[in-house]
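Just dropping this structure here.
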Amino acid sequence: MLHEWLKDSKHTVIFTGAGMSTESGLPDFRSTNRGIWRKKDPGKIASVDALNHHVEDFTEFYRERVLGVKEFGPHKGHQILADWEKNGLIQAVITQNVDGFHQAAGSKQVHELHGTLQKLHCQSCGKVYDSAAYVEEDYYCSCGGILRPSIVLFGEMLPEDAFSAAFELAKQADLFIVLGSSLSVTPANQFPEIAKQNGAKLVIVNQEKTPLDNYADLVVFDRKIGAYLEETDKLL
Ligand code: APR
């Protein structure tokens with residue numbers, strides 16, 4: 001089924017969430033038994049308020065996540081998506097993930113709606129650093145300002161360039177494939193709807209229910225993403 005749609009489609013867009021990276025070893029946020037937000041309150045740890053008023057908790061939490069994206073890397077599923085882009089089967093990846101694994105696997109057209117953990121920047125002067133500084137527990141800029149990951153914290157705006165690129169891609173898509181997202185965070189979760197409203201076939205590959213399942217043309221919930229992508233790839 002999906003392999004046929006992939007071959008027939010002229011504008012296929014992939015939309016990924018944290019479920020795309022669990023098979024690399026990173027935890028997701030809302031999986032019933034192991035999601036990060038099942039144990040921590042995002043408002044208290046992943047917000048500008050936490051950065052400004054609970055800086056030790058903030059840097060400790062994000063140092064852990066930086067260590068994770070440096071320890072783990074892309075899995076076969078990321079590699080397949082990069083190959084599909086090379087072979088012209090997909091146009092781009094819109095991702096909510098901040099691990100950089102799509103680019104590490106070779107994907108070129110990647111739009112990071114929530115920024116990246118691979119970089120830090122100074123909250124005062126904006127100077128950019130590699131996130132290795134957090135590994136070394138260097139938390140301050142040469143100007144004295146606090147260094148923070150270049151991700152979108154709760155309450156912050158999404159990067160304009162990624163947002164508008166994703167908007168255009170969703171509008172033009174004739175096939176829009178969600179991989180590993182609970183579709184519970186706005187405005188990222190609007191893109192599957194925009195694609196569907198503009199005539200795209202919507203596919204959702206996710207091990208738990210999402211609010212858009214009834215709206216999708218195909219829902220795959222009983223397979224892990226990696227295995228499903230490998231199977232589909234073999235049928236191409
Ligand atoms: N195969 C299929 N589905 C999977 C797999 C897998 N191997 N692993 C996890 N999943 C599913 C989970 O069941 C879950 O529903 O992926 C989904 C991930 O959802 P979330 O944990 O909510 O992650 P995401 O949708 O990316 O969260 C969006 O929330 O905290 C913010 O900024 C953060 O980008 C993140 C945003």
Side-chain angles (χ1 to χ4, degrees), residues 2 14-51 58 61-62 64-66 68-69 72-81 93-102 105 110-119 148-159 162-163 166 176-193 202-213 216 218-233:
L2 182 62
I14 305 287
F15 179 91
T16 60
M20 181 74 215
S21 296
T22 53
E23 292 169 71
S24 288
L26 293 182
D28 66 16
F29 297 98
R30 297 175 185 82
S31 266
T32 314
N33 44 18
R34 60 176 191 271
I36 295 176
W37 302 145
R38 299 284 170 194
K39 299 181 215 60
K40 290 185 184 303
D41 173 355
K44 287 208 172 52
I45 198 83
S47 60
V48 179
D49 179 64
L51 173 62
F58 179 91
F61 174 69
Y62 279 105
E64 276 310 303
R65 291 191 60 199
V66 165
V69 300
F72 300 112
H75 59 74
K76 181 88 174 110
H78 293 96
Q79 185 57 54
I80 287 171
L81 295 178
V93 173
I94 301 168
T95 188
Q96 299 171 96
N97 298 339
V98 292
D99 52 39
F101 290 175
H102 286 298
V110 181
H111 302 284
E112 295 175 311
L113 294 176
H114 295 162
T116 177
L117 271 180
Q118 296 293 349
K119 292 271 173 253
R148 43 133 331 146
S150 297
I151 62 169
V152 177
L153 296 173
F154 280 96
E156 289 186 317
M157 297 286 287
L158 271 61
F163 188 88
F176 195 91
I177 306 172
V178 175
L179 299 174
S181 178
S182 63
L183 297 177
S184 52
V185 169
T186 56
N189 61 359
Q190 288 166 11
F191 292 112
E193 286 185 71
L202 178 59
V203 177
I204 298 176
V205 184
N206 201 65
Q207 280 189 305
E208 289 171 344
K209 288 205 165 311
T210 81
L212 292 185
D213 288 352
L218 173 66
V219 176
V220 180
F221 59 88
D222 53 351
R223 318 300 315 286
K224 281 192 173 290
I225 289 165
Y228 184 68
L229 289 177
E230 281 200 76
E231 255 173 61
T232 304
D233 190 46

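Order of listing sets the numbers, starting from 1, for every ligand and every atom in it. Since this is a predicted model, take the numbers as computed values, not measurements.
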* To do: Test salt bridge (charged side-chain N to carboxylate O under 4.0 Å, His left out) on K76 and E23 and set out the steps.
  => CA-CA 9 Å; K76 181 88 174 110; E23 292 169 71; over 6 Å; no
* Asked: Do any N/O atoms on A18 end up under 3.5 angstrom from N/O atoms on ligand 1?
  ->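 Looking only at distances, the answer is yes, because the N/O contact criterion of under 3.5 Å is met.
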* To do: Examine ligand 1 and decide if any of its atoms is less than 4.0 Å from a heavy atom belonging to Y228.
  =>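 Contact absent.
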* **For atom 28 (C) of ligand 1, closest protein heavy-atom neighbour** =>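 Its nearest protein heavy-atom neighbour is Q96 OE1, 3.3 Å.
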* Structure fact -> closest protein heavy atom to atom 18 (C) of ligand 1 is G180 O, 3.5 Å
* To do: Please assess T16 against H102 for the test side chain to side chain donor-acceptor pair (under 3.5 Å), listing each intermediate value before the final yes or no.
  => CA-CA 10 Å; T16 60; H102 286 298; 2.9 Å; yes
* To do: Tell me, please, which residues at least two apart from T232 pass side chain to side chain contact (heavy atoms under 4.5 Å, CB included).
  => L2, H3, L6, W84, Y228
* Structure fact -> Counting from 1 in the order shown, the ligand 1 atoms closer than 4.0 Å to a non-hydrogen atom of V185 are 28 (C), 29 (O), 36 (C)
* Any idea which atoms of ligand 1 are less than 4.0 Å away from a heavy-atom of W37? ->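 Within the 4.0 Å cut-off of W37, ligand 1 contributes 30 (O).
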* Structure fact -> Of R34, H75, Q207, the one whose closest heavy atom lies nearest atom 3 (N) of ligand 1 is Q207
* To do: For atom 35 (C) of ligand 1, grab the closest protein heavy atom and report residue, atom and distance to one decimal in Å.
  =>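 Of every protein heavy atom, F29 CE1, 3.7 Å lies nearest to atom 35 (C) of ligand 1.
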* Of the non-hydrogen atoms in S21 and D99, which two are nearest, and what is the gap between them? -> OG-OD2, 2.5 Å
* Kindly identify the option in M20, H114, R30 whose heavy atom sits closest to atom 31 (C) of ligand 1. =>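 Nearest option to atom 31 (C) of ligand 1, by heavy atoms: R30.
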* To do: Return yes when atom CZ of F154 has more than 12 non-hydrogen atoms of other residues, nucleotides or ligands closer than 6.0 Å, and no otherwise.
  =>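 Yes, because the 6.0 Å sphere around CZ of F154 holds more than 12 heavy atoms from other groups.
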* Sub-4.0 Å heavy-atom contact, S31 with ligand 1 ->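 Flag set, S31 near ligand 1.
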* Can you name the salt bridge (Lys or Arg N to Asp or Glu O under 4.0 Å) partners of R148, sequence neighbours left out? -> E156
* In the protein, which heavy atom is nearest to atom 19 (O) of ligand 1, and how far is it? -> S182 N, 3.1 Å
* Side chains of D28 and T22, donor plus acceptor under 3.5 Å ->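 Checked: D28/T22 side chains show no N/O donor-acceptor pair below 3.5 Å.
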* Asked: To the nearest 0.1 Å, how far is atom 15 (O) of ligand 1 from its closest protein heavy atom, and which atom is that?
  -> N206 ND2, 2.9 Å
* **Heavy atom of the protein closest to atom 7 (N) of ligand 1 (residue, atom name, distance)** =>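 The closest heavy atom on the protein side is E23 OE2, 2.8 Å.
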* To do: Give the residue and atom name of whichever protein heavy atom lies nearest to atom 25 (O) of ligand 1, and the separation in Å to one decimal.
  => S181 OG, 2.7 Å
* Close-contact set for ligand 1 against T22 heavy atoms, below 4.0 Å ->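 Per the distance check, 5 (C), 6 (C), 7 (N), 8 (N), 9 (C).
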* What's the shortest heavy-atom distance between G25 and F72, and which atoms? ->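 Looks like O-CE1, 3.6 Å.
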* To do: Take every heavy atom of F221, measure it against each atom of ligand 1, and state whether any distance is under 4.0 Å.
  =>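 F221 does not count as a contact of ligand 1 under the 4.0 Å cut-off.
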* G17: numbered ligand 1 atoms lying under 4.0 Å from its heavy atoms -> 26 (O)
* Among all protein heavy atoms, pick out the one at the shortest distance from atom 1 (N) of ligand 1; state its residue, atom name and that distance to 0.1 Å. => I225 N, 3.1 Å
* **Side chain to side chain, I36 and F61, heavy atoms closer than 4.5 Å** => yes
* Between N189 and F15, does a side chain to side chain contact (heavy atoms under 4.5 Å, CB included) hold up when you go through it step by step? -> CA-CA 10 Å; N189 61 359; F15 179 91; 5.8 Å; no
* Asked: Do L229 and L81 come close enough that some side-chain heavy atom pair is under 4.5 Å?
  ->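 Yes, at least one pair of side-chain atoms sits under 4.5 Å.
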